[in-house]
There are 2 protein chains.
Amino acid sequence: MQADNASTGRLSLDQPLDSASTATLQEWESQLSQRYEAFKQANLKLDLTRGKPSSQQLDLSNGMMTVLGSDLSNEAGTDLRNYGGIDGIAECKALFAPVLDVNSDEILVGGNSSLTLMYFAVMFALHQGFGDLGDSWASEGKTAKFLCPVPGYDRHFSVCEHLGIDMIPVAMDENGPDMDQVESLVRQDDSIKGIWCVPRFSNPTGIVYSDEVVSRIAGLGKIAGRNFRVFWDNAYAVHSFSDDSPQVASLMAACRAAGTENSVYLFGSTSKITYAGAGVAFAGMSAANLTAFKAHLGMTQIGPDKINQLRHARFLKDQDGLAQHMRDHAAALKPRFDIVLKHLNEGLADSGMLSWTEPQGGYFVSVDTLPGLAKQVVGMAADAGVKLTPAGATYPYGNDPEDRNIRLAPSVPTLEEIDQAMAVFVTCVQLASVRQKLA
Amino acid sequence: MQADNASTGRLSLDQPLDSASTATLQEWESQLSQRYEAFKQANLKLDLTRGKPSSQQLDLSNGMMTVLGSDLSNEAGTDLRNYGGIDGIAECKALFAPVLDVNSDEILVGGNSSLTLMYFAVMFALHQGFGDLGDSWASEGKTAKFLCPVPGYDRHFSVCEHLGIDMIPVAMDENGPDMDQVESLVRQDDSIKGIWCVPRFSNPTGIVYSDEVVSRIAGLGKIAGRNFRVFWDNAYAVHSFSDDSPQVASLMAACRAAGTENSVYLFGSTSKITYAGAGVAFAGMSAANLTAFKAHLGMTQIGPDKINQLRHARFLKDQDGLAQHMRDHAAALKPRFDIVLKHLNEGLADSGMLSWTEPQGGYFVSVDTLPGLAKQVVGMAADAGVKLTPAGATYPYGNDPEDRNIRLAPSVPTLEEIDQAMAVFVTCVQLASVRQKLA
């Protein structure tokens with residue numbers, strides 16, 4: 001065992017778990033237990049649960065609060081204070097269409113929540129159908145099913161659960177969902193009506209879908225029936241840590257090549273660009289899909305908050321303005337991720353106790369413990385004052401069948417807090433793994 | 001026939017339609033036709049369709065755009081820029097709870113659209129139920145039905161139509177819905193799950209529900225099953241033309257007296273207080289209803305735009321601030337309504353051709369032509385360059401069985417435009433009525 005590094009609280013084990021003798025394991029257990037108990041006495045109160053921007057990041061957009069002068073009309077001369085305009089203002093369409101890589105007649109800009117747009121999209125598909133493009137899933141008389149690449153985003157899963165849609169987990173790797181499995185399932189079962197995707201800096205694994213995966217996702221519309229839709233939540237489309245971070249291929253371009261434009265819905269928002277609670281959301285889809293979607297959405301509202309849209313357009317300006325703004329976000333985020341990864345690498349590399357991703361953007365580091373230990377590690381960390389996202393949250397129905405996945409969200413705490421929290425986390429993983437091995 | 005009043009374009013007929021001889025009718029027809037043709041030559045382009053605030057009214061709230069300083073936290077110290085707070089900020093609850101006359105733990109403040117809150121409320125009731133309070137309407141296995149007092153608000157009706165809920169029209173008079181009919185229907189048919197109400201300055205008739213009607217509405221919860229809800233859209237709660245305008249009794253107080261607090265949902269918004277497109281909406285309901293509603297709403301979004309809520313709270317301040325602000329709106333609106341009523345009174349009083357309401361608040365004047373003439377009058381006005389709300393729009397499925405009701409919305413045009421438009425309208429009513437009598 002390496003000497004304890006008092007300044008950071010790290011403890012490095014000098015051989016992999018599998019090669020350690022029982023005596024070594026017992027010695028580790030004793031020392032780790034002491035460290036863990038010491039953490040418990042320290043009355044820490046740390047939180048790595050929240051995938052939301054820090055105050056430092058939110059401050060980057062404070063200029064948005066004063067960017068509107070007395071002119072509250074847009075370039076078309078529309079008084080944006082009044083009712084109307086279900087699909088949002090032209091300035092925001094022009095700004096966000098490139099983010100989703102769709103045409104300016106293939107985008108709708110809405111209120112502050114892309115989750116609401118996604119909820120409505122699923123709900124309309126389930127109960128009202130797609131206008132000229134297809135019938136409602138409910139009208140087919142079978143319970144609709146969604147494919148859910150795992151680990152994934154709990155709020156996608158809760159939309160399905162709330163609407164009574166069954167979920168089928170699908171494996172993910174560093175390239176995206178297992179497309180052999182996805183295609184095979186879609187081929188076998190025509191009650192599968194959708195798939196959730198977070199294609200760039202996936203929540204939580206941070207991986208970026210490979211070009212091949214994007215192309216095969218675009219091809220699903222040829223395998224599935226006309227009522228199938230890909231739900232492409234490009235939540236982190238521009239949220240990279242550097243200009244060199246991997247890009248995701250254009251889904252709509254792949255669909256145009258495959259002739260499957262009507263099989264996909266794309267989503268995004270500025271929740272992690274400007275203000276998490278007061279941003280604007282947008283949805284991209286073929287013009288035909290958009291016609292049907294707008295007709296449904298118009299039953300639920302007269303229009304979105306166009307003043308807040310104008311605020312966004314004038315503040316972010318254009319693609320260059322957006323890119324520079326996201327570089328400022330990266331400057332706040334990357335050091336936090338670096339600390340998380342430093343702890344994992346120094347404390348657990350080659351330990352045989354934990355695997356993890358090293359994302360180049362997004363908001364999360366996803367880790368996998370040894371089977372059966374995720375809940376225990378989260379519980380141990382909680383007892384030592386470090387709050388983590390509940391184990392299982394990244395799986396449909398909260399059920400991680402191997403009990404392995406934990407999502408770490410380091411955006412909000414200070415660098416020092418992350419340093420403390422990760423020291424605790426590494427110790428919890430080590431101790432839980434050693435105890436399991438001894439048991 | 002009175003001399004033509006050239007300055008206003010009015011033409012007064014000197015006896016009621018029913019007592020006019022055929023010769024008189026023919027003379028009227030000839031003169032009215034000439035007048036009507038002259039209007040058609042004038043290339044007017046006037047619009048009385050839109051129940052929305054004028055630019056002059058919107059200007060009253062421009063101070064809201066600069067009311068936020070650099071402090072974007074609320075009194076509780078919450079950073080309102082970030083995610084969270086599904087039920088809105090305390091400051092807005094305190095401001096709007098008195099508008100609905102509910103307690104501060106009986107209100108949720110949302111995004112910019114009360115229609116969205118209403119849509120969700122109906123949709124959750126239909127598909128997801130009321131948590132501990134009751135099952136979904138869909139689970140009862142029968143098509144749910146709503147009572148729709150007519151004439152009413154077309155967007156209420158389209159929510160029902162979109163969600164597959166059948167609508168039963170119910171008569172309205174100057175006191176509100178015909179409660180004998182309402183109670184009888186609710187007693188007979190347990191698939192009736194709701195009723196739409198606009199209790200003060202009803203859309204479109206402008207009437208205010210009487211105390212007895214409010215009390216009997218509160219009593220419906222004792223007649224109907226636990227899954228019944230009143231949808232109380234108090235859209236014009238503070239939208240009176242003077243401080244003496246009639247008040248509506250408190251529905252929640254009546255429900256507390258009757259023990260039926262769980263049978264009602266109340267709604268309101270600032271769409272006609274601040275900015276029509278960028279206001280805030282709110283819903284009032286019992287704490288038990290609110291618990292269930294929030295759980296459902298939390299599946300569709302993380303929270304509303306709290307920054308815009310803060311903007312509203314700081315701008316409107318308190319009940320006095322709100323009342324003064326609404327007096328400024330009244331100063332813009334009342335002269336417009338006065339012109340509408342002057343034309344109706346001078347051109348059609350005691351004519352036997354038209355009946356109408358004289359609202360003391362709200363956005364509309366509702367008129368009833370002779371049976372079978374509403375569509376024709378709207379068409380004639382359109383041909384003479386005056387756009388009116390389509391006849392039938394105020395009835396479920398767009399079907400006004402007697403083809404009588406027309407909604408006039410004078411808030412947006414200038415006083416001069418209203419004067420011109422009403423001269424055309426009166427002539428159209430006169431001419432259509434005379435021709436019908438001659439036919």
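Only a predicted model underlies this, so the values are computations on that prediction, with no experimental measurement involved. Order of the sequence lines sets the chain letters (A, B, ...), proteins ahead of strands, with each chain counted from 1.
A donor-acceptor distance shorter than 3.5 angstrom exists from the side chain of A/Thr414 to the backbone of A/Glu417, with no hydrogens or angles considered. Remark: the backbone N or O of A/Asn308 is paired with a side-chain donor or acceptor of A/His312 at under 3.5 angstrom. When atom types are taken as modelled, the side chain of B/His239 and the backbone of B/Met326 share no donor-acceptor pair closer than 3.5 angstrom. Side chain of B/Glu75 to backbone of B/Glu91: no donor-acceptor contact under 3.5 angstrom is found. Judged by distance alone, the side chain of A/Asn112 and the main-chain N or O of A/Gly277 form a donor-acceptor pair under 3.5 Å. B/Arg81 places no side-chain N or O within 3.5 Å of a backbone atom of A/Ala278 that could act as its donor or acceptor partner. Panel note: side chain A/Arg229, backbone A/Gly194; no donor-acceptor pair is recorded below 3.5 Å.
With hydrogens and angles left out, the side-chain atoms of A/Ser61 and A/His325 include a donor and acceptor closer than 3.5 Å.
B/His156 pairs with exactly one of B/Trp196, B/Phe231, B/Phe267, B/Tyr395 by the ring pair (Phe, Tyr, Trp, His ring centres under 6.0 Å) rule, that one being B/Trp196.
For B/Thr116, the parts lying near chain A are the backbone and the side chain together; criterion is any non-hydrogen pair under 4.5 Å. With a threshold of 4.5 angstrom between heavy atoms, B/Leu58 approaches chain A through its backbone and through its side chain. Heavy atoms closer than 4.5 Å to chain A are found in the side chain of B/Asn62, but not in its backbone. Heavy atoms of B/Arg155 lying under 4.5 Å from chain A belong exclusively to its side chain. Both the backbone and the side chain of B/Tyr275 come within less than 4.5 Å of a heavy atom in chain A. Of the two parts of A/Ser158, the backbone and the side chain both hold a non-hydrogen atom closer than 4.5 Å to a non-hydrogen atom of chain B. Residue B/Leu117 does not touch chain A at all, counting heavy-atom pairs closer than 4.5 Å. Residue contact with chain A, scored on non-hydrogen atoms closer than 4.5 Å, is absent for B/Asp154.
One distance of note links NZ of B/Lys145 with NZ of B/Lys193; it measures 10.0 Å at 0.5 Å rounding. One distance of note links CD1 of B/Ile273 with CZ of B/Phe315; it measures 11.0 Å at 0.5 Å rounding.
Two residues are said to be in side-chain contact when any heavy atoms from C-beta on lie closer than 4.5 Å; B/Asp47 and B/Val412 fail this criterion. By the 4.5 Å heavy-atom criterion applied to side chains, A/Gln309 and A/Thr270 are not counted as neighbours.
Annotation: maximal heavy-atom pairing with chain A below 4.5 Å, among B/Val122, B/Leu68, B/Val159, B/Leu72, occurs at B/Leu72.
Scanning both residues, B/Ser73 and B/Arg314, for their nearest heavy atoms gives O-NH2, 3.3 Å.
Using a 4.5 Å cut-off between non-hydrogen atoms, the part of residues 290-305 of chain A that approaches chain B consists of A/His296, A/Gly298, A/Met299, A/Thr300, A/Gln301, A/Ile302, A/Gly303, A/Pro304, A/Asp305. Chain A is approached within less than 4.5 Å, heavy atom to heavy atom, by B/Met123, B/Phe124, B/His127, B/Gln128 from residues 123-137 of chain B, ordered by number. Of residues 48-57 of chain B, those residues with a non-hydrogen atom less than 4.5 Å from any non-hydrogen atom of chain A are, in numerical order, B/Gly51, B/Lys52, B/Pro53, B/Ser55.
In this structure A/Lys306 satisfies the salt bridge (charged side-chain N to carboxylate O under 4.0 Å, His left out) test with no other residue, sequence neighbours excluded.
Seen from the ring of A/Tyr363, A/Lys272 counts as a face-on cation partner, given the 6.0 Å and 45° thresholds.
In this structure, B/Tyr119 and B/His162 have tilted ring planes: the angle between them lies in the 30° to 60° band.
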